[in-house]
Amino acid sequence: MNNTKKYGFTTTILHGDRQKPIEHGSLHKPIHTSVAFGYKDARELAAVFQGKQPGYRYGRQGNPTVSALEDKITKMEDGYATVCFATGMAAIGAIVQALLREGDHVVSSAFLFGNTNSLWQTVAVQGIDVSLVDATDVANVEAALTPATRIVFVETIANPRTQIADLARIGELCRERGIVYVVDNTMTSPYLFRPKEVGASLVVNALTKSIGGHGNALGGSLTDTGVFDWTRFPNIFDTYKRFVPEQWGMAQIRAKALRDFGGTLGPEAAHHLAVGSETMALRLERECANAMALANMLDADERIAAVYYPGLASHPQHGIATELFRAYGGLFSFELKDGIDCFDYLNRLRLAIPASNLGDTRTLVIPIAHTIFYEMGPERRAGMGIAESLIRVSVGIEDTADLLDDFSQALNI
Ligand SMILES: *Cc1c(COP(=O)(O)O)cnc(C)c1O
């Protein structure tokens, strides 16, 4: 593969590994299970530890199979560098562990993946102040900023109600104020959207979802887009300032979060995720087309009270989605009219599986208020616009006609 030519999204993922020498010409980056890495010259080992020479020290801080995946994600996001973690939540937790201190303030979208919402509640009792705002309008984010605000956190398309953050204008605000702008790109994936384009500093990807794509491995990542000027960030430890400023953020995240807390991605999982990522573009094309077809069908049915999908012209942020995203994503949610029990409806589905995951090749459905958003209680659910009958659909790659048949036959009582 020619190193200088710019290839398309999928070609880059497929052939990226071979830009570096791989043992025996193996087409896949091999799974390296060794925890330790030996050096003939002890001085070399010391140089690696001191960051003066590239190399591996101990499996918790890095592994060749995981590094190959990190390189792939950096390319997908057009970023500067990536660190992988055992799960998406470990990646989000790493932001808190590595970058925040007691007394710091976070402004976060109120429309969040349930466990991220729970994480903010946890850190709130550990001395970090969190303001939850309606991030579909930058004015709400700006109004919540204080001199102690270190991070603004948003999701691209919020799960499950599909609200879309005011991504570009929040990016401008964060750049002006020198605040780290974190965008959780899981719902769009780097194939549909690159948060770097709206000025994101750090991009979160739950690799478990669209990037791995088969529901057979957990993983998460943080990518530094290279946009943020780390010399403006007050929480960098002196020890990481020996590197060039572009590296400060990732150096601190790799040491203070990955090394000290140990949420390391294993090499086997990294292999599954890397192989899955090769077909991400193909899967997403199908998933987005299927989601659009299902959303249109349900939206036109009078037994359905509401459908939430950015691809529908009635969606409040349809315009932003059209402008920023390649397609509208593989997730939508809907509410049944009174008189149709959501559990009975789910039980009548023959293909779609009641299960809690997203971005799988199979279509998965879940009654949100009764499962993943159960713990937060009815008041907070109402505040997030989550009706008790809301069903979330993560659309798979099944044949479109089969999915349309399934969702429509289940409406016939
Ligand atoms: C699933 C998900 C996460 C967490 O990822 P895990 O790998 O399950 O820990 C974070 N953010 C979003 C938007 C998600 O959908």
Side-chain angles (χ1 to χ4, degrees), residues 66 69 73 77 82-97 106 108-123 132 135 151 153-165 167 182-193 195 200 202-223 257-258 261-266 268-270 272-274 276-277 280 284 287 291 308 310 325 329-333 355-360 364-366 368 371-373 375-376 384 386 392-396:
V66 176
L69 177 63
I73 297 162
E77 290 289 0
T82 298
V83 179
C84 280
F85 295 88
T87 64
M89 283 317 299
I92 298 172
I95 297 167
V96 179
Q97 290 153 352
V106 174
S108 168
S109 168
F111 310 127
L112 283 176
F113 178 65
N115 299 154
T116 307
N117 179 73
S118 169
L119 173 70
W120 293 142
Q121 286 177 14
T122 308
V123 304
L132 297 173
I151 278 176
F153 185 100
V154 301
E155 295 177 5
T156 50
I157 303 177
N159 157 17
R161 268 287 312 273
T162 74
Q163 299 96 332
I164 297 171
L167 290 160
V182 184
V183 177
D184 183 336
N185 196 26
T186 302
M187 295 307 306
T188 24
S189 90
Y191 179 63
L192 300 184
F193 177 58
L202 292 175
V203 180
V204 175
N205 277 293
L207 308 175
T208 315
K209 312 292 175 53
S210 295
I211 292 180
H214 295 74
N216 62 349
L218 292 157
S221 66
L222 290 179
T223 300
L258 189 65
F261 287 85
T264 307
L265 180 67
E268 288 90 351
H272 281 304
L273 297 166
S277 76
M280 173 168 51
L284 277 165
E287 287 167 12
Y308 305 103
F325 308 151
L331 178 134
F332 73 94
S333 55
S356 169
N357 188 20
L358 304 170
D360 200 320
L364 308 177
V365 287
I366 191 160
I368 291 287
T371 55
I372 41 187
F373 281 34
E375 190 182 296
M376 65 178 63
M384 295 172 85
I386 309 293
R392 182 186 79 191
V393 186
S394 168
V395 182

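Every heavy atom of this structure was used, including side-chain atoms; hydrogens, water molecules and symmetry mates were not. In this text the structure is predicted, and so the values were computed from the model without any measurement. One-based numbering, in listed order, for ligands and for the atoms of each.
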Considering only heavy atoms of [X], which atoms of ligand 1 have at least one such atom less than 4.0 Å away?
X	value
Leu358	15 (O)
Asp184	10 (C), 11 (N), 12 (C), 13 (C)
Gly219	7 (O)
Thr87	7 (O), 9 (O)

Give the single entry among Ala86, Ala90, Ser221, Gly88 that approaches atom 6 (P) of ligand 1 most closely by any heavy atom.
Gly88
Under the side chain to side chain contact (heavy atoms under 4.5 Å, CB included) rule, collect the residues that match up with Thr208, sequence neighbours excluded.
Leu218, Asn357
Quick check: [X] and ligand 1, any N/O pair under 3.5 Å apart?
X	result
Glu155	no
Met89	yes
Thr116	no
Phe113	no

Among protein heavy atoms, which sits nearest to atom 2 (C) of ligand 1, and what does the distance come to when rounded to 0.1 Å?
Lys209 NZ, 2.5 Å
Closest to atom 7 (O) of ligand 1 among protein heavy atoms sits Thr208 OG1, 2.6 Å
Check whether any side-chain N or O of Ser277 sits under 3.5 Å from a backbone N or O of Ile211 as a donor-acceptor pair, and report yes or no.
no
For Leu119 and Ile92, run side chain to side chain contact (heavy atoms under 4.5 Å, CB included): C-alpha distance rounded to whole Å, both residues' side-chain angles, the deciding distance at 0.1 Å, then the answer.
CA-CA 9 Å; Leu119 173 70; Ile92 298 172; 3.6 Å; yes
Going by heavy atoms in the side chains, are Val204 and Val182 under 4.5 Å from each other?
yes
Heavy-atom side-chain contact between Thr186 and Glu155 under 4.5 Å:
no
List the steps and the verdict of side chain to side chain contact (heavy atoms under 4.5 Å, CB included) for Leu132 and Leu112.
CA-CA 10 Å; Leu132 297 173; Leu112 283 176; 4.3 Å; yes
Would you say Ala158 contacts ligand 1, with heavy atoms under 4.0 Å as the rule?
no
Member of Asn205, Thr82, Thr223 meeting the side-chain hydrogen bond (donor to acceptor under 3.5 Å, both in side chains) criterion with Glu77:
Asn205
Going by atom types alone, do Asn185 and Thr188 pair a side-chain donor with an acceptor below 3.5 Å?
yes
